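Being a predicted model, the structure only gives us computed values, none of them experimental.
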Amino acid sequence: MAPFTLTVDAKNSTGFSSEASNRKMRGLQLERKKFFASVNARDENPFDFLRALFEGVIAGGTAGVVVETVLYPIDTIKTRLQVARGGGKIILKGLYSGLAGNLAGVLPASAVFVGVYEPAKQKLLRTFPENLSAVAHLTADALGGLTSSFIRVPTEVVKRRMQTGQFTSAPNAVKLIVSKEGFKGLYAGYGSFLLRDLPFDAIQFCLYEQLRIGYKLAAKRELKDPENAMIGAFAGALTGAITTPLDVIKTRLMVQGSANQYKGIVNCVQTIVRDEGASALLNVYISFYC
């Protein structure tokens, strides 16, 4: 009986060992599958809208204030050139006129723009195929520009009228504009603003993003801050040159006040061309870029 018993035990032991090994292998396979699934889930980096919104608001507001402060004198000169008629003399005093009031509007406007642009861009880039990335950038920019325009237009109206010497303080400007022209006076030239600034922002940001992507692919590395700055400057200069006539029209409509010299965008173009010649729509471009 002893040999038989040993034989049976050996078979049972072998069968048990084999079954345990199979179970162990299946367990390892399941663990391996779960492990890779969890890694893939983490690699997907699910879109965090609130985080993107918060980071966009902080970055956009800070960048808007810094850029506006540094370039404000140039913007003042540009505005005065745009409203000058018949080779009128440009006053170079008070180049920072209206800066404080302008920053009060630029900070929230820039924050809203980037706060909408960045989350929308990230969401659209995940939705659109890679070959339509430019469409994603354009759409996101248009959404950001349209949303922020409700803050940007009153800010622009007050700023440009102070730059041209109509008012000495932002609170006084707002008070007098509303009293003489009504609340709609703060949105003077709103249509021309959308006509100029939405294409400007869309072209600039799209051009910047596409140039940055192309440069990154060519360099096969992440871009350094000076490289990003140079690409942004080039995109902004080129876009500014393209949209100069629209900017002249926008400025003329915003600063005319209750005089109502221009009845609208079309009438503004016709009047400028008739009284000053077509070159008046490009005089700022010629002054800055030629």
Side-chain angles (χ1 to χ4, degrees), residues 57-58 60-85 88-115 144-197 200-201 236 240 244 246-265 268 283-284 287-288:
V57 167
I58 297 298
T62 303
V65 169
V66 172
V67 171
E68 193 71 19
T69 302
V70 172
L71 299 180
Y72 198 81
I74 297 176
D75 187 62
T76 300
I77 295 172
K78 181 196 73 171
T79 299
R80 293 174 182 177
L81 283 170
Q82 289 174 337
V83 299
R85 295 173 175 81
K89 185 178 179 180
I90 304 300
I91 300 175
L92 297 179
K93 294 182 180 180
L95 296 181
Y96 276 98
S97 178
L99 176 62
N102 185 55
L103 292 181
V106 166
L107 179 59
S110 298
V112 169
F113 176 83
V114 181
L146 185 61
T147 305
S148 64
S149 67
F150 296 103
I151 303 174
R152 290 176 65 185
V153 171
T155 303
E156 282 278 312
V157 170
V158 172
K159 177 187 77 171
R160 295 195 182 280
R161 294 193 188 185
M162 291 188 68
Q163 287 175 327
T164 54
Q166 297 184 35
F167 303 104
T168 56
S169 70
N172 185 47
V174 173
K175 181 180 178 180
L176 290 177
I177 290 172
V178 172
S179 64
K180 291 183 178 180
E181 305 170 46
F183 186 75
K184 67 178 183 180
L186 294 173
Y187 285 88
Y190 183 79
S192 62
F193 173 88
L194 295 180
L195 182 63
R196 185 268 178 181
D197 281 51
F200 179 92
D201 291 339
T244 291
L246 298 176
D247 196 41
V248 172
I249 296 167
K250 180 190 76 172
T251 299
R252 293 288 184 95
L253 289 171
M254 284 185 168
V255 303
Q256 68 174 339
S258 56
N260 287 327
Q261 179 183 359
Y262 309 111
K263 306 304 180 183
I265 296 173
C268 182
N283 61 357
V284 178
S287 300
F288 274 96

Phe113: what forms a ring-ring contact (aromatic ring centres under 6.0 Å, His included) with it, not counting sequence neighbours?
Tyr117, Phe205
When rounded to the nearest 0.5 angstrom, what is the spacing between CZ in Arg152 and CG in Asp197?
5.0 Å
Does Ser97 offer a backbone N or O that forms a donor-acceptor pair with the side chain of Gln163 under 3.5 Å?
no
Among Val174, Val178, Asn172, whose side-chain contact (heavy atoms from CB on, under 4.5 Å) with Leu176 holds?
Asn172
dist Arg160:CZ -> Gln82:CD (nearest 0.5 Å) comes out at 6.0 Å
With a 3.5 Å distance limit and no angle check, can you tell me whether Arg161 reaches the backbone of Ala173 through a side-chain donor-acceptor pair?
no
All heavy atoms of Ala109 vs all of Ser148, minimum pair found to be O-CB, 3.5 Å
Please report the closest heavy-atom contact between Lys78 and Asp247, naming both atoms and the distance.
NZ-OD2, 3.1 Å
Quick one: does any side-chain atom of Gln256 pair with a main-chain N or O of Tyr262 as donor and acceptor, under 3.5 Å?
yes
Before giving the answer on side-chain contact (heavy atoms from CB on, under 4.5 Å), spell out for Val153 and Leu186 the whole-Å C-alpha distance, their side-chain angles and the decisive distance to 0.1 Å.
CA-CA 7 Å; Val153 171; Leu186 294 173; over 6 Å; no
Counting distance only, does the side-chain N/O of Tyr72 pair as donor-acceptor with the main-chain N or O of Val67 below 3.5 Å?
no
What one should report as the nearest heavy-atom pair of Lys250 and Phe193 is CD-CA, 3.8 Å
Against Lys159, only a single residue in Thr164, Asp75, Thr79, Asn102 fulfils side-chain hydrogen bond (donor to acceptor under 3.5 Å, both in side chains); can you say which?
Asp75
To the nearest 0.5 angstrom, please state how far the CG atom of Leu195 sits from the CD1 atom of Ile249.
7.0 Å
Distance check, rounded to the nearest 0.5 Å: Met162 atom CE versus Thr76 atom OG1?
10.0 Å
Sorted by first residue and then second, give each ring-ring contact (aromatic ring centres under 6.0 Å, His included) pair with at least one member in residues 161-185; sequence neighbours left out.
Phe183-Tyr187
Are the side chain of Lys184 and the backbone N or O of Glu181 linked by a donor-acceptor pair below 3.5 Å?
no
Testing the basics here: between Gly189 and Leu253, what is the closest heavy-atom pair and its distance to 0.1 Å?
CA-CB, 4.1 Å
Any chance NZ of Lys175 has more than 12 other-residue heavy atoms, nucleotides or ligands included, within less than 6.0 Å?
no
Separation of Met254 CE from Tyr190 OH (nearest 0.5 Å):
10.0 Å
For residues Ser149 and Pro154, report the shortest heavy-atom separation together with the two atoms involved.
O-CD, 4.2 Å
Starting at OG1 of Thr155, measure out to CG of Leu107 and round the result to the nearest 0.5 Å.
10.5 Å
